[in-house]
Amino acid sequence: MQIPTPPVNIPLLGYWLGIAAVAACAAAAVLEVGRKRFDAFGVVVVAFAAALGGGTTRDLLLGRQVFWIADPTYLIAAALAGIAAFGLARRMRLPLDLFLIPDAIGLALFTIVGTKVALNEGTHWTVAGLMGVITGVVGGILRDVLANEEPVVFHGELYATAAGAGALTLLGLLALDIDPRWAAFWAGSLIFAVRLAAIRWHLRLPEFQSLR
Amino acid sequence: MQIPTPPVNIPLLGYWLGIAAVAACAAAAVLEVGRKRFDAFGVVVVAFAAALGGGTTRDLLLGRQVFWIADPTYLIAAALAGIAAFGLARRMRLPLDLFLIPDAIGLALFTIVGTKVALNEGTHWTVAGLMGVITGVVGGILRDVLANEEPVVFHGELYATAAGAGALTLLGLLALDIDPRWAAFWAGSLIFAVRLAAIRWHLRLPEFQSLR
Amino acid sequence: MQIPTPPVNIPLLGYWLGIAAVAACAAAAVLEVGRKRFDAFGVVVVAFAAALGGGTTRDLLLGRQVFWIADPTYLIAAALAGIAAFGLARRMRLPLDLFLIPDAIGLALFTIVGTKVALNEGTHWTVAGLMGVITGVVGGILRDVLANEEPVVFHGELYATAAGAGALTLLGLLALDIDPRWAAFWAGSLIFAVRLAAIRWHLRLPEFQSLR
């Protein structure tokens, strides 16, 4: 399977959408760990892990410069959003599902960007798809491990599956020579739609239990 | 101590043995987590972590390209073996010790290859031995951490000790100017034999408890 | 903010102080996990993680060669100190706070060196400060995660906060064009003093709990 590897072109809108998604992930993680008795440092660590963990893992595996070292705007956005959520949550009651929509946008965006970055490094399409999923979901896994909870992506509503379906769709559309920007748009929309449908109707993968 | 650093020559037999060991590790991990209520995604993640985690850690530490990015055959073998084990285990009762022999072969093979890869990068022999042990055992540690169990290598039957003894044997034989292929063969056989003996006779290291 | 990036000059005294701090961290970690029933292998793994984990994370993120691969003296010091603590703790009752002072020295030293190494790689000052904190505290987090305990730095006496204050002080002094050696000395002394004061008077950050 020959997949053309277009240059990663993240236009200005996409750049700020990415910053916003990082901030939203950081703020959402702070609300998630609100039940734990972490101090301010622990809260910021969890915010960083949730917002930056996926892209960091991808960059380390691909041998690229880590994205928030290349451009600290992401780091600063995660820190400010985490601190703001910390301050707000102590003063008012924030609904826990405040960030479900931004989080779904982040999942779509991170997965698409992660897949494209890997293709750009010349990886095999299987590796590129996996990198997309890693970019989308590892942040949430790290957040849960640090908060000492079972990673929700292992048995909750469709999350990684949405990312995987979107990454494969992107790879398929690129193999069909669709314009890369439209391919990214449709694959990202699919992730967003599947994720929202999964939340709305509690869609899950069947759980696995071997016969023992 | 001057250790000659031969080129890593993994002949064709060794290559396919490596692929088979990766597949066996992935399948074994799926059976191990069968008691947990993971969904299909969680199962595949655990299979990847168990089968590819050790070599990935080694490559990241050494600054090499990650081996399954350089050759996705390993990735595909782990995915297919994990999915096959997932499907089979839902239909029939598989014995949990089905994979003890392949797992011991994998431990031997991964440790020897990991040590040689590190020597090839020009590392000190202490580092090379550690890289061998890391390649052999980190996959199992990751599998247990993700499944939220205490890593079995920290207090079970000899596992890392077998790997360490084999890595040191390999380094000693190479220092004695033994032919690298024979050194690898004997050191690998030692790991395999120690591991099987440890399972058969429940050999363990003494457990540590400080006086408090 | 323009920060001059001096060459990392670790004089001979600093080098051996670093080796000693690594050894102290390894020995302290062995005493910490003495309550767990780990075998010798598990103990050595925890010693390595505690003593080398912070610097390793920093080097991986920065894309530098891992420091104990470049100079295995650190690796050997951690292994010997861990084994010595293992042997001693089985024979005599060692006070758990035996290593509080060396640990505070290690925190100061690792944080300063980590910040300077990152500045030297040309990173933004926010990234450099974060790298300092990572170098200082990640070892302790890894130790606690491997021992299956809640990371103490997330809610204990000031630890990461001391590191962060010291890293920011170092960055501020360097921005004011203070001689780099004096800047390092004062910032390191601040970390050491804050950490000891925090232990003595049980200083903590306020714990966070959202309104739910």
Side-chain angles (χ1 to χ4, degrees), chain A residues 1 3 56-64 66 117-119 121-131 133-134 136-138 140-142 144-165 167-168 198 202-212, chain B residues 27 29-49 52-53 56-57 59-80 82-83 85-98 142 145-149:
Chain A
M1 182 162 156
I3 292 182
T56 304
T57 306
R58 174 203 63 209
D59 290 341
L60 289 179
L61 288 172
L62 290 175
R64 299 173 75 238
V66 174
V117 163
L119 282 179
E121 298 282 324
T123 64
H124 193 255
W125 67 271
T126 53
V127 174
L130 180 61
M131 289 298 157
V133 175
I134 284 175
V137 309
V138 163
I141 296 179
L142 283 179
D144 293 343
V145 167
L146 285 174
N148 207 18
E149 291 178 11
E150 279 193 29
V152 68
V153 301
F154 285 4
H155 48 61
E157 279 113 7
L158 298 181
Y159 196 91
T161 310
L168 288 179
H202 301 287
L203 307 181
R204 298 161 175 260
L205 285 185
E207 277 175 8
F208 168 64
Q209 200 162 25
S210 67
L211 294 175
R212 68 184 56 259
Chain B
V30 169
L31 296 193
E32 290 265 349
V33 298
R35 285 154 300 177
K36 302 267 163 177
R37 294 205 146 276
F38 283 180
D39 65 22
F41 171 72
V43 166
V44 170
V45 167
V46 172
F48 279 160
L52 310 173
T56 304
T57 306
D59 291 340
L60 289 179
L61 288 171
L62 290 175
R64 299 173 75 238
Q65 191 184 23
V66 174
F67 71 103
W68 51 265
I69 293 179
D71 178 359
T73 313
Y74 294 99
L75 185 66
I76 296 166
L80 293 181
I83 291 167
F86 182 97
L88 273 178
R90 292 179 67 164
R91 275 166 192 73
M92 65 181 72
R93 192 176 292 269
L94 295 176
L96 199 55
D97 53 5
L98 185 64
L142 283 180
V145 166
L146 285 174
N148 207 18
E149 291 177 10

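In what follows, chains carry the letters A, B, and so on, assigned in the order in which the sequence lines appear, proteins first and then strands, with residues in each chain numbered from 1. These numbers come from the heavy atoms of this one structure, side chains and all, not from hydrogens, waters or symmetry mates.
Remark: A:T57 engages no residue in a side chain to side chain donor-acceptor pair (under 3.5 Å) (not counting sequence neighbours). Applying the side-chain contact (heavy atoms from CB on, under 4.5 Å) criterion to B:A77, with sequence neighbours excluded, gives B:I19. A:A198 pairs by the side-chain contact (heavy atoms from CB on, under 4.5 Å) definition with A:E157, A:L158, A:L203, not counting sequence neighbours.
Within the 4.5 Å cutoff, the side chain of A:V117 has heavy atoms near those of the A:R58 side chain.
For a heavy-atom cut-off of 4.5 Å, chain A lies close to B:V66, B:W68, B:I69 in residues 63-71 of chain B.
Summarising the geometry of A:A163 relative to A:V137, their closest heavy-atom pair is CB-CG1, 4.4 Å, with the distance given to 0.1 Å.
The candidate from A:L62, A:L130, A:V133 with the greatest count of non-hydrogen atom pairs under 4.5 Å with chain B is A:L130.
B:L52 contributes atom CG, which lies 10.5 Å from atom CG of B:L142 (distance to the nearest 0.5 angstrom).
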